[in-house]
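Contents: one structure, followed by commentary.
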Number of protein chains: 2
Amino acid sequence: MLTIGTMAKRTGTKVQTIRYYEQIGLMPEPGRTGGGQRRYGAADLDRLAFIRHARELGFSLEAIRELLDLSDTPEKSCAEIDAVAQRQLREVQARIARLQSLEVELRRMIAECHSDRVADCRILEVLRDHEECLSDHKGAGLRGMPL
Amino acid sequence: MLTIGTMAKRTGTKVQTIRYYEQIGLMPEPGRTGGGQRRYGAADLDRLAFIRHARELGFSLEAIRELLDLSDTPEKSCAEIDAVAQRQLREVQARIARLQSLEVELRRMIAECHSDRVADCRILEVLRDHEECLSDHKGAGLRGMPL
DNA sequence: CTTGAAGCTACAGTTGCTGTAGCTCTTATA
DNA sequence: TATAAGAGCTACAGCAACTGTAGCTTCAAG
């Protein structure tokens, strides 16, 4: 029987986070001591480890919920699980691409600043006047995406 | 004199977001018509475009606030502006590195699933049993970092 | 003068937690 | 067995950076 603190230490989770997962139904309600404290079993520890690892891989809690549900129906579900993972991979790749273009632009910005030692800083100019910023805002593109 | 909707269209911002920026003091309080509607000038449009472009580059609203404050003091501030940009670049690079390692792991996971056609899906196993997940949770590492 | 789009305020909700206040419980030691 | 530290409890507020909703008012074209 594990206390919530032990669960937290073993999985690198904060205690409040575990309670939060319980609150949103991602972790089951565990047993309690007479005094009302939570006591967990080995299966709970596995489940929490699963959640944390998936979170580290960038899966949303919704996707994790999906994976946990799928794992309860072992037949016919490998393809669906694969689809969730594929979707996650595509999201990660899109974020990488986006960040890489940001990196290029930031580098360029910083380079221009250094080349222009005495005059006013170019970084602010670049930020102010970037071409595509006062036009062409119909296409949504990646705008809503988290970086 | 520009309406808030025109500002929104020109910069690709939602109307509510502009009002939000005003609320948190990032945009100034504009003039109002007799009926209470906001009317903006060219300087406001520039400032909003600056904010949006910086946001697209991944700068936090706090960093943008810093840049806007610095841009009001043109002397001696280029180095500080450069520092903000350098910090942003480092953050972007760290996020790219993190995402790339996620990508590798996701790919590996998916590959194992495909190689194992009939048996139970390996993805769940991998998520459940990753080596470092039930140990070594003292070092913070990149754990708190946004992906 | 009417009508419909656009604007207004105020507030709730989003994601994934984290922090705080003010308690109570457990457990090791004296 | 008493006590005290540390861990746990609930309930709620707060974070970033918006987004959406309800229910109204104003503006501008025809």
Side-chain angles (χ1 to χ4, degrees), chain A residues 1-27 29-40 44 48 50-68 88 91 95 140 142-147, chain B residues 1-27 29-40 44 48 50-66 68 88 91 95 137 140 142-147:
Chain A
M1 289 296 118
L2 303 161
T3 64
I4 197 169
T6 308
M7 294 277 282
K9 244 172 242 151
R10 299 260 195 103
T11 59
T13 314
K14 300 237 162 155
V15 165
Q16 293 104 305
T17 304
I18 300 175
R19 288 196 284 245
Y20 168 72
Y21 288 160
E22 179 183 329
Q23 191 185 307
I24 64 171
L26 214 55
M27 286 292 290
E29 291 186 24
R32 302 269 186 155
T33 63
Q37 299 195 354
R38 291 169 179 81
R39 288 302 122 96
Y40 294 93
D44 297 318
L48 182 56
F50 179 98
I51 294 168
R52 293 311 290 176
H53 189 206
R55 285 294 297 138
E56 283 173 24
L57 287 171
F59 287 88
S60 69
L61 293 182
E62 257 324 289
I64 292 168
R65 200 188 293 276
E66 204 176 334
L67 288 170
L68 286 167
Q88 183 59 23
E91 272 169 39
R95 280 195 240 172
L142 291 161
R143 194 140 309 109
M145 206 185 69
L147 297 171
Chain B
M1 287 300 116
L2 305 161
T3 64
I4 197 169
T6 309
M7 293 277 283
K9 245 171 243 152
R10 299 260 195 104
T11 59
T13 313
K14 301 235 159 154
V15 166
Q16 293 105 304
T17 304
I18 300 175
R19 289 198 284 247
Y20 168 71
Y21 288 161
E22 178 184 329
Q23 190 185 307
I24 63 169
L26 214 54
M27 286 294 289
E29 290 186 24
R32 301 271 184 151
T33 64
Q37 298 195 355
R38 291 169 178 81
R39 288 301 121 97
Y40 294 94
D44 296 319
L48 182 56
F50 179 98
I51 293 168
R52 292 310 291 178
H53 190 206
R55 284 294 297 138
E56 283 174 22
L57 286 170
F59 287 89
S60 69
L61 293 182
E62 257 324 288
I64 293 168
R65 201 189 293 277
E66 205 177 332
L68 286 166
Q88 184 59 26
E91 273 170 38
R95 280 194 240 173
H137 280 294
L142 292 162
R143 193 135 315 107
M145 206 184 70
L147 298 172

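Per chain, numbering begins at 1; letters A, B, ... match sequence-line order. Here the structure is a predicted model, which means the values were calculated and not measured.
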Quick one: side chain to side chain donor-acceptor pair (under 3.5 Å) partners of A:T6, sequence neighbours excluded?
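Here the qualifying residues are A:T3.
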Take the protein atom [atom1] of [X] and the nucleotide atom [atom2] of [N], then report the distance between them rounded to whole Å.
X     : N      : atom1 : atom2 : answer
B:F59 : D:dA17 : CZ    : P     : 13 Å
A:I18 : C:dC17 : CD1   : P     : 12 Å
A:M1  : D:dA7  : CE    : P     : 21 Å
A:M7  : D:dG8  : CE    : P     : 12 Å
A:E22 : C:dC17 : CD    : P     : 15 Å
B:M27 : D:dC18 : CE    : C1'   : 16 Å

Kindly give the atom pairs (protein nitrogen or oxygen, nucleotide nitrogen or oxygen) under 3.5 Å for nucleotides 13-15 of chain C.
none

Per-pair distances, 0.1 Å, donor-acceptor, side chain in residues 16-27 of chain A, under 3.5 Å, sequence neighbours excluded:
from	atom 1	to	atom 2	distance (Å)
A:Y21	OH	A:R52	NH1	2.6
A:E22	OE1	A:R38	NE	2.8

Scoring nucleotides 4-10 of chain C by protein non-hydrogen atoms under 4.0 Å (B base, S sugar-phosphate only, - none) yields ---SSB-
Heavy-atom side-chain contact between B:V15 and B:M7 under 4.5 Å
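The answer is no; the side chains never approach within 4.5 Å.
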Min side-chain heavy-atom separation A:T33-A:R39 under 4.5 Å:
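Contact flag for A:T33/A:R39 side chains = yes.
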How far does CD1 of A:I51 sit from OG1 of A:T11, to the nearest 0.5 angstrom?
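One finds 9.5 Å between CD1 of A:I51 and OG1 of A:T11.
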Between atom CG of A:L48 and atom CZ of A:R55, what is the distance when rounded to the nearest 0.5 Å?
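CZ of A:R55 is found 12.5 Å from CG of A:L48.
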Could you report the tightest heavy-atom contact between A:L57 and A:Q88, atom names first, then the distance?
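In this case the closest contact between A:L57 and A:Q88 is O-NE2, 3.3 Å.
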B:K14 side chain near D:dA17 phosphate (N/O to OP1/OP2, under 4.0 Å):
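No, no such contact exists.
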If the cut-off is 4.0 Å, is A:T17 near the phosphate of C:dT18, judged by side-chain N/O to OP1 or OP2?
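Affirmative; the distance criterion is met.
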Apply salt bridge (charged side-chain N to carboxylate O under 4.0 Å, His left out) to A:E62 and list each qualifying residue two or more places apart in sequence or on a separate chain.
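Result, salt bridge (charged side-chain N to carboxylate O under 4.0 Å, His left out) vs A:E62: A:R65.
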